[in-house]
Amino acid sequence: MATRFVWTPQSVDLVRSAAAQLTVVNGIPVLAFDASADEICDLPGVAPQGLTGTLTLVVFGFMASATSGTVGMGAAVEAITPGDAVDRDTTTAFGAINYATSATVPGTAGYEFATSITLTVSGSLAAGDDFRIEARRDADGTGSTDSATGDWYVTRFELRDAA
Amino acid sequence: MTVLDTTNRVVVWATMMQRMSDGRESTALTKAQLRAAVDAIDDWVEANAAAFNSAIPQPARGALTTAQKARLLMLIAEQRYGVG
């Protein structure tokens with residue numbers, strides 16, 4: 001796999017009503033995803049030339065307090081090709097949410113771990129597409145098991161393709 | 001008075017988790033286990049509310065409102081066990 005994009009907490013879009021919180025922990029900017037309800041951030045970009053194959057979103061972070069249980073993550077992709085019949089003033093075109101296999105948190109809070117989501121894109125994500133990935137902690141367990149208490153501090157998102 | 005409804009128990013549960021996160025308080029409890037503790041403690045408060053009220057001597061028992069009595073209980077608990 002090849003890395004195609006990396007998002008830091010400062011480079012995501014926090015425009016949703018239930019957005020993750022941008023904060024600083026030990027000098028590290030993080031996105032704090034609550035444990036009690038789903039929170040979302042958007043990962044924007046333009047699909048690079050040569051993008052190929054299965055896309056994987058890797059999420060890096062650490063727990064604020066939990067030393068047991070699992071966290072769940074979901075992601076949906078919106079891909080807009082210039083010329084698409086999508087009125088961006090009023091509609092969105094996200095596909096179905098893809099859920100990661102629940103990740104077991106480390107036995108020590110603060111230890112970094114990562115979880116991966118295989119992305120399926122409604123239609124396709126072609127080079128040059130204006131895209132957004134809606135990434136959420138699945139706190140309510142809709143598509144995964146999220147049992148770990150407290151905030152999940154996300155430090156990075158990485159998009160990989162099959163190259 | 002009755003026990004807290006689900007919405008308010010969720011508020012307590014979420015607030016507790018947020019404070020633990022903010023304080024970096026490590027815990028092996030899962031969300032469900034913590035929620036069970038919230039429910040049990042609320043049930044206990046309900047079951048013992050009358051005894052708590054009876055323990056307050058007059059004239060305070062008659063002069064304090066229910067909310068003031070609850071606040072006094074919270075302050076005492078914080079002073080005894082620390083704010084966490």
Side-chain angles (χ1 to χ4, degrees), chain A residues 9 17-40 61-73 102-113 136-155, chain B residues 1-49 52 65-84:
Chain A
S17 58
Q21 298 84 45
L22 176 62
T23 187
V24 178
V25 174
N26 192 29
I28 305 168
V30 299
L31 293 169
F33 286 84
D34 284 355
S36 57
D38 286 15
E39 291 185 329
I40 298 169
F62 56 95
M63 301 306 294
S65 56
T67 62
S68 72
T70 60
V71 289
M73 196 79 188
S102 302
T104 300
V105 305
T108 302
Y111 280 19
E112 182 105 344
F113 67 103
R136 66 177 63 219
R137 178 177 178 180
D138 186 23
D140 62 7
T142 300
S144 62
T145 300
D146 187 295
S147 62
T149 55
D151 288 354
W152 180 15
Y153 294 142
V154 171
T155 56
Chain B
M1 192 174 180
T2 62
V3 296
L4 293 174
D5 63 13
T6 298
T7 298
N8 281 293
R9 285 187 173 185
V10 167
V11 169
V12 171
W13 175 65
T15 302
M16 181 66 179
M17 286 195 291
Q18 191 60 62
R19 291 190 184 180
M20 293 174 77
S21 295
D22 293 345
R24 310 291 183 271
E25 298 171 356
S26 291
T27 179
L29 284 180
T30 65
K31 291 195 288 188
Q33 292 166 342
L34 180 61
R35 175 61 194 274
V38 169
D39 293 353
I41 293 171
D42 186 40
D43 288 342
W44 180 89
V45 169
E46 177 64 18
N48 291 276
F52 163 62
T65 66
T66 301
Q68 288 172 326
K69 293 172 186 175
R71 189 187 311 152
L72 190 52
L73 176 62
M74 184 187 70
L75 288 171
I76 291 169
E78 284 183 349
Q79 195 67 22
R80 284 172 63 92
Y81 302 109
V83 175

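Here is how names work: the chains are called A, B, and so on, in the same order as the sequence lines, proteins then strands, and each is numbered from 1.
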Peer 1: Would you mind listing every salt bridge (Lys or Arg N to Asp or Glu O under 4.0 Å) that reaches into residues 26-36 of chain A, with sequence neighbours excluded?
Peer 2: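 Of all non-adjacent pairs touching residues 26-36 of chain A, none passes salt bridge (Lys or Arg N to Asp or Glu O under 4.0 Å).
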Peer 1: Rounded to the nearest 0.5 Å, how far does CE of B:Met17 lie from CG of A:Asp151?
Peer 2: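 It comes to 9.0 Å.
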Peer 1: Restricting to non-hydrogen atoms, name the atom on A:Ser68 and the atom on B:Thr30 that form the minimum distance, rounded to 0.1 Å.
Peer 2: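 Looks like OG-CG2, 4.2 Å.
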Peer 1: Show the atom names and distances, to 0.1 Å, of all donor-acceptor pairs under 3.5 Å that link a side chain in residues 21-33 of chain A to residues at least two apart or in another chain.
Peer 2:
residue, atom, partner, partner atom, Å
A:Gln21, NE2, A:Ala19, O, 3.2
A:Gln21, NE2, A:Glu39, OE1, 3.3
A:Gln21, NE2, A:Glu39, OE2, 2.8

Peer 1: Let me confirm one number: the CG-OG distance from B:Asp22 to A:Ser65, rounded to the nearest 0.5 Å.
Peer 2: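 Reported value, rounded in 0.5 Å steps: 9.5 Å.
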Peer 1: For the OH atom on A:Tyr111, are there more than 12 heavy atoms of other groups (residues, nucleotides or ligands in this structure) within a distance under 6.0 Å?
Peer 2: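 At most 12 heavy atoms, drawn from other residues, nucleotides or ligands, come within 6.0 Å of this atom.
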Peer 1: Residue by residue, which of residues 102-110 of chain A have a heavy atom closer than 4.5 Å to a heavy atom belonging to chain B?
Peer 2: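 Heavy-atom contacts from residues 102-110 of chain A to chain B are A:Ala109.
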Peer 1: Hey, which of A:Gly69, A:Ala148, A:Ala37 has the most heavy atom pairs under 4.5 Å with chain B?
Peer 2: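 When all of A:Gly69, A:Ala148, A:Ala37 are compared, A:Ala148 has the most.
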Peer 1: Just jot down the salt bridge (Lys or Arg N to Asp or Glu O under 4.0 Å) partners of B:Asp42, sequence neighbours excluded, or say none.
Peer 2: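 Salt bridge (Lys or Arg N to Asp or Glu O under 4.0 Å) check on B:Asp42 returns B:Arg9.
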Peer 1: Between atom OG1 of A:Thr70 and atom NZ of B:Lys31, what is the distance when rounded to the nearest 0.5 Å?
Peer 2: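 A:Thr70 OG1 to B:Lys31 NZ: 8.5 Å, rounded to 0.5 Å.
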Peer 1: So which part of A:Ala35 gets closer than 4.5 Å to some heavy atom of chain B, the side chain, the backbone, both or neither?
Peer 2: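 Both parts, heavy atoms under 4.5 Å.
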